[in-house]
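Each chain gets a letter, A, B and so on, in the order its sequence line appears, and its residues count up from 1. These figures come from a predicted structure and were not determined experimentally.
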Amino acid sequence: MIRVRFAPSPTGYLHVGGARTALFNWLYARRHGGVFVLRIEDTDAERSSEAMVEGILDGLRWLGLDWDEGPHTGGTYGPYFQSQRLERYRATAERLVADGHAYYCYCTPDDIRVKRDAAEASSGVGTWRYDRTCCALTGDDIAARERDGRPRAIRVRAPERTIAFDDAVHGSIAFDGANLEDFVILRSDGHPTYHLSVVCDDVDMKMTHVVRGDDHISNTPKQIVLYQALGAPVPTFAHVPLILGSDKKRLSKRHGATSVIEYARQGYMPEAMVNFLALLGWSPGEGDREVFTREQLIAAFDLSGISGGNAVFNVEKLDWFNQQHLWSLPPAELGWRVKPVLERAGLWSDVYAGDKHAWFDAVLQLLKTRAKKIDDFAELGRYFFTMEPAYDPAAVARHLRTDGMRDHLVAIDEAFDALPTFDVDTTEQAVRTVAEVRGVKAATLIHAVRVALTGRTASPGLFEVAVLLGRQVTKARLAQALTLIASPVGG
RNA sequence: GCCGGUAUCGUCUAGGGGUCAGGACACGUGGUUCUCAGCCACGGGACCGGGGUUCGAAUCCCCGUACCGGUACCA
């Protein structure tokens, strides 16, 4: 049984890099019928709170990455908050001391800094490692220090041998034991360091694979030392590359939104984000397919398809993915998603979900190819959802306040009145006939009517718009345009 | 400094001893149309550098370089 985990620190929101790591873990678990565990690394009590944890969970929920064990869901290997497992880490560290794999260290961080500075000043190189002073302590030495009440940390004895492992992404990676020092696993305040808590938890929670950020590669040998000292099996590691900003620097606010929730707020769809993130640093190999549903990703995912190099987060491509997924949404589903956007914009009416739902769906279908994000529908379709479309002054000046336009519009209004049915063909025919009769180009009239109906110069096909607006509203807008023409410029 | 990782169009990537080095996003041009979007067609654009191995290297090896990460009683 494959068991993987995502172990974020509760920073208050889910970063896109973390989201991708979570996604890879989730896909791997789902692909192989394994278990996806969510564990919160909140040992730093100062910097974490329940609200921050919820921020992370919200991000995961939005992406649709459900966890089998973790906060709220529980599980047999809990608790899933590191802050609740402190005793466990302490006991493990003591056990390692008892086993001879670790020892008490009474050197203070200050002692060590002084030694390091001195050593590096004389040698000129920064390769000083902890000199194992406390490793050599006799029972009497220790007793004496304990009597003095000296604070003590716990360090593991790092082996001399080379530590190598087979990374699922990078292949074989080896570290010379000479570069490993006896590192601290339990601080003098009784708190574990990161190395102890992750290994301890990953062992306790029976992780078979550790899929995490590239930045942990150099930590891995230390952790392997711990696994071995603990007599636990070493999991398979897969270190996934980082996500960078457009300047190839670590992704930060300066590059735009870094929180997945922020993208949710901007109107991106979770299925698009999932698709985009999955293909950022992972490729299904053969075939040119790029658009995947969640299920298709699960079926295609494999750790071996993860590339070794860092990837740049490219919003334009995200936009494209969003568009692709937007277009493949069934009409009713699209309406359901647009509703909250219109509500926020004050453009929603319950009839859109009731008597006028067919009309509403038709409007959305018409706007669809022009929308990149769900939020775009509010702006793109404003004139459908309110009786007071916003007239763009420049558009009015250019297309409405022109010579003879007043009379042209009156003629069109009359032509519309006379139509037996108000459909795309009849309205188009009517406008073209007026153009011919009055000796103007049809395009001129079409542009003018577009501004009259929508307030802007760009819209879907004019006659589709007119028909959806209906004869009454169309006539009302033409009338409104006439008063605009008559009103003083700028007024 | 030391340790580790990575290097194919601007970006995400496929491929991998002999290929016209493929696709996608973005970009440019043309077409369609009432505008915009879309759609269709076409186009420009890449194997980091230097050595070596080889009949042949983008591919394998070495060395550089660049970038990223680590080098803590941070996670």
Under 4.0 Å protein heavy-atom contact, by nucleotide of nucleotides 32-41 of chain B - B base, S sugar-phosphate only: --BBBBSS--

Protein proximity profile, nucleotides 3-13 of chain B - base contact B, sugar-phosphate-only contact S, no contact -, cut-off 4.0 Å on heavy atoms: SSSS----SBS

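Using a 4.0 Å heavy-atom criterion, one finds that R250(A) contacts the sugar-phosphate atoms exclusively.
With sequence neighbours excluded, no residue satisfies side-chain hydrogen bond (donor to acceptor under 3.5 Å, both in side chains) with R370(A). Qualifying side-chain hydrogen bond (donor to acceptor under 3.5 Å, both in side chains) partners for R337(A), counting only residues two or more places apart in sequence or in other chains: E271(A), E333(A).
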Produce the list of close N/O pairs, under 3.5 Å, pairing protein atoms with atoms of nucleotides 71-73 of chain B; give distances to one decimal.
unit_1, atom_1, unit_2, atom_2, d
A72(B), OP2, R116(A), NH2, 3.3
C73(B), O3', R187(A), NH1, 3.1
C73(B), O2, S188(A), N, 2.8
C73(B), O2, S188(A), OG, 3.1
C73(B), N3, S188(A), OG, 3.1
C73(B), N4, C107(A), O, 2.4

Can you name the atoms? Protein N/O to nucleotides 43-50 of chain B N/O, anything below 3.5 Å, with the distance.
none

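For the C1' atoms, the distance linking C39(B) with U33(B) amounts to 11 Å, nearest Å. Taking atom P on both U6(B) and C63(B), the two are 15 Å apart, rounded to the nearest angstrom. Across the C1' atoms, A37(B) and G45(B) are found 26 Å apart, a figure rounded to whole Å. On the P atoms, A46(B) is 11 Å away from G22(B), given to the nearest whole Å. Comparing C27(B) with G70(B), their P atoms sit 35 Å apart, to the nearest whole Å. For the P atom pair drawn from C62(B) and A24(B), the interatomic distance equals 36 Å after rounding to whole Å.
Using N1 to N3 plus N6-O4 or O6-N4 for Watson-Crick, or N1-O2 and O6-N3 for G-U wobble, each under 3.5 Å, C60(B) pairs with G52(B). The partner of C39(B) is G31(B), by the rule that a Watson-Crick or G-U pair needs both atom distances under 3.5 Å. Across all strands shown, A75(B) forms no Watson-Crick or G-U wobble pair with both key distances under 3.5 Å.
For the pair R152(A) and Y104(A), the cation sits on the ring face: its NZ or CZ lies under 6.0 Å from the ring centre, inside 45° of the axis.
Checked against the 6.0 Å centroid criterion, the rings of H195(A) and F183(A) qualify as a close aromatic pair.
Here the options are Y268(A), F321(A), F276(A), the test is ring-ring contact (aromatic ring centres under 6.0 Å, His included), and the partner is Y263(A); only Y268(A) passes.
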